[in-house]
Asker: 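Below you'll find the structure I mean.
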Amino acid sequence: MLLRFSLNADLITSADIPDEAVAAIGQAVDEANKSTFQRGVPAEAEPNDIGRIMAWNAAGTALHLEIESGPYTRAHDALFRFRKQLAPVLGRHRIGIRSIEVTAFTVRLEGTIDPAAIPHLPMIRETAADEEGITLTLDVSPTDLENKVPDRLVRLIEEKAEAHAYGGKAEHWELIYESPKQPVQFTDDPTAEMLKRGWIKHGASRGQWIFGPQPVQLFRAFETIVIEEIIRPLGFSEMIFPKLVPWEVWKRSGHAKGVYPEIYYVFTPKTRDPAYWEDVADYYKVTGEVPVEMIRDRLDGPIGGMCYAQCPPFWPFVQGETLANDCLPARVFDRSGTSHRYESGGIHGIERVDEFHRIEVLWLGTADQTVEVADRLHEAYTRVFDELLELEWRCARVTPWFMAQEGLVGVSENESIGTRDYEAILPYSNGWLEFQNVSVNGNKYPKGFNVKIQSGAECWSGCSGIGLERWTAAFLAQKGFDVSKWPERVAKLMGEPEEVFRFL
Ligand code: ATP
Ligand code: ZN
Ligand code: MG
């Protein structure tokens, strides 16, 4: 894709630019074009690709500049480099640069660009399309330019164009393991059966279950197996991760790029002064209705959301730190609370819900250490599913979560970065259910949270989310409810289902 930037701006000075300064400004412009703007540009770049001051003139307290560039030393970068270079030149005439006024900024993109890839942003004043491409006229302040808004905009358009080009294609899915077949022991939907038996009831909120003692016995049986067979032998230690996640964390983890449709948002009261809330409480007392609109007016936020992926809120623990070589690979896990996702119409049984329970396993270290832990985990899981749970399951390499989130499909360029999904067959529907995954996330989180390693090696991390509802759905769908026919270890840990409630 051909890329051009053109920028008109005025550098506003603290006093009229005297005639004596004009020659020195001309010299500064020449030097900028010949050397300052060439810095950091790859040797193969065409002269036309590099930022250049095309025209300038000084009038009163304004130095008018017209800058053009291709992809290197982009017009806006050139502007700031030039300001820095010019400051001492004007300083000799006791003149300072007060401010910058951007009078025009356009971005030209050539190539096949789907109009749907052009985002609707307040900064785009006008989009003009022609045979060869599009021209975007931007409304941008100097601060926007310093914050690299044009670069992010171009990157976003490229990403959207890629996603559109992939449009119809399926996400990457590549089988890497298939378990032996298992005899079919049950063919009904386990959620319906649990409801019939009074093991679970719908919670008052959407996509939420109240789990009675019996399914919780099974949850805990699975937890014990995970801890005894996987987590302890592989040396993971328990932590407690927060479950309310502020934007600051999702900005760094990358989730802020796309998680919006599925978040359960969190707000705080504007004040905890009871007087401020009295009329809300009174309204409820009189009408018996909670005045949701009145409440909305009295809230700040959203400040973030409820736990979505379990690991991002761990990262502030190591943020900005350098990890000692001898503590790596650091291995931890969290099972301290619920995860929440707005699954909309996708809700199904206990396996796709808005509120669920997960054990999240997380590790970090060098690239080799991180990949090694993922492989050890995969081996341990394989043994548990084949020998202890006797599941019929398979494992596939899929599009990594962070690529999926950016609307991309396929696999990462680095072979060892990516996600493995673990899927079990559900005999009642003959469909496959993803019940957990293992991801090697490369330097994604350490980079986002600025985590380094003593040796200077690049820090990588991985994580694995063990969904207890999904394990339970998969296990019961295949093994049914006759505990005497279950694999021995699970049956023993489960014990007799406890019948606490009897309804008349
Ligand atoms: P799916 O494609 O089924 O929606 P996902 O790709 O969104 O799954 P991940 O983001 O990889 O899932 O989450 C990791 C794990 O969390 C899943 O393997 C699963 O065990 C669990 N999980 C995710 N979403 C739900 C949900 N809505 N209900 C129950 N468990 C879930
Ligand atoms: Zn994770
Ligand atoms: Mg999902």
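Read the numbers this way: they start at 1 and go in the same order the structure lists the ligands and their atoms.
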Asker: Is it true that Arg155 and Glu159 make a salt bridge, defined as a side-chain N closer than 4.0 Å to a carboxylate O?
Answerer: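 Between Glu159 and Arg155 there is a salt bridge, with a charged N closer than 4.0 Å to a carboxylate O.
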Asker: So is Phe435 close enough to ligand 1, meaning a heavy atom under 4.0 angstrom away?
Answerer: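 In this structure, Phe435 qualifies as a contact of ligand 1 - some heavy atom is under 4.0 Å.
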Asker: So that I can tick it off, tell me whether Glu392 and Lys181 are bridged by a salt bridge, with the cut-off set at under 4.0 angstrom between side-chain N and carboxylate O.
Answerer: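 A salt bridge is present here (some side-chain N lies under 4.0 Å from a carboxylate O).
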Asker: Is the shortest side-chain N to carboxylate O distance from Lys243 to Asp334 below 4.0 Å?
Answerer: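 Looking at Asp334 together with Lys243, the answer is yes, because their closest N to O distance falls below 4.0 Å.
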Asker: Name whichever N, O or S atom of Glu360 ends up nearest to the Zn ion (ligand 2).
Answerer: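 Nearest N/O/S atom: OE2.
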Asker: Counting each atom of ligand 1 from 1 as listed, which ones have a heavy atom of Val353 under 4.0 Å away?
Answerer: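 Counting from 1, the qualifying ligand atoms are 26 (C), 27 (N), 28 (N), 29 (C).
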Asker: Quick one: side chains of residues 496-504, donor-acceptor pairs under 3.5 Å with protein atoms, not counting sequence neighbours, listed by atom name and distance.
Answerer:
residue: Glu499; atom: OE1; partner: Gln214; partner atom: NE2; Å: 3.3

Asker: Taking only heavy atoms of Gly467 into account, list the atoms of ligand 1 that are under 4.0 Å away from them.
Answerer: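 Contacts of ligand 1 toward Gly467, numbered from 1: 20 (O).
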Asker: Under the criterion side chain to side chain contact (heavy atoms under 4.5 Å, CB included), I'd like the reasoning laid out for Leu476 against Met194: C-alpha separation, chi angles, the key distance, then a yes or no.
Answerer: CA-CA 9 Å; Leu476 290 176; Met194 280 194 283; 3.8 Å; yes
Asker: For atom 6 (O) of ligand 1, which of the options Glu423, Glu434, Arg341 provides the nearest non-hydrogen atom?
Answerer: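 Closest candidate by heavy-atom distance is Glu434.
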Asker: Out of Arg352, Glu469, Glu351, whose heavy atom is nearest to atom 4 (O) of ligand 1?
Answerer: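 Heavy atom nearest to atom 4 (O) of ligand 1 belongs to Arg352.
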Asker: Identify, by atom number and element, the atoms of ligand 1 in contact range of Glu343, meaning under 4.0 Å from any of its heavy atoms.
Answerer: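 The atoms of ligand 1 under 4.0 Å from a heavy atom of Glu343 are 24 (N), 26 (C), 27 (N).
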Asker: For this output row, return yes or no: ring centroids of Trp471 and Phe219 closer than 6.0 angstrom.
Answerer: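 No - the distance between ring centres of Trp471 and Phe219 does not fall below the 6.0 Å cut-off.
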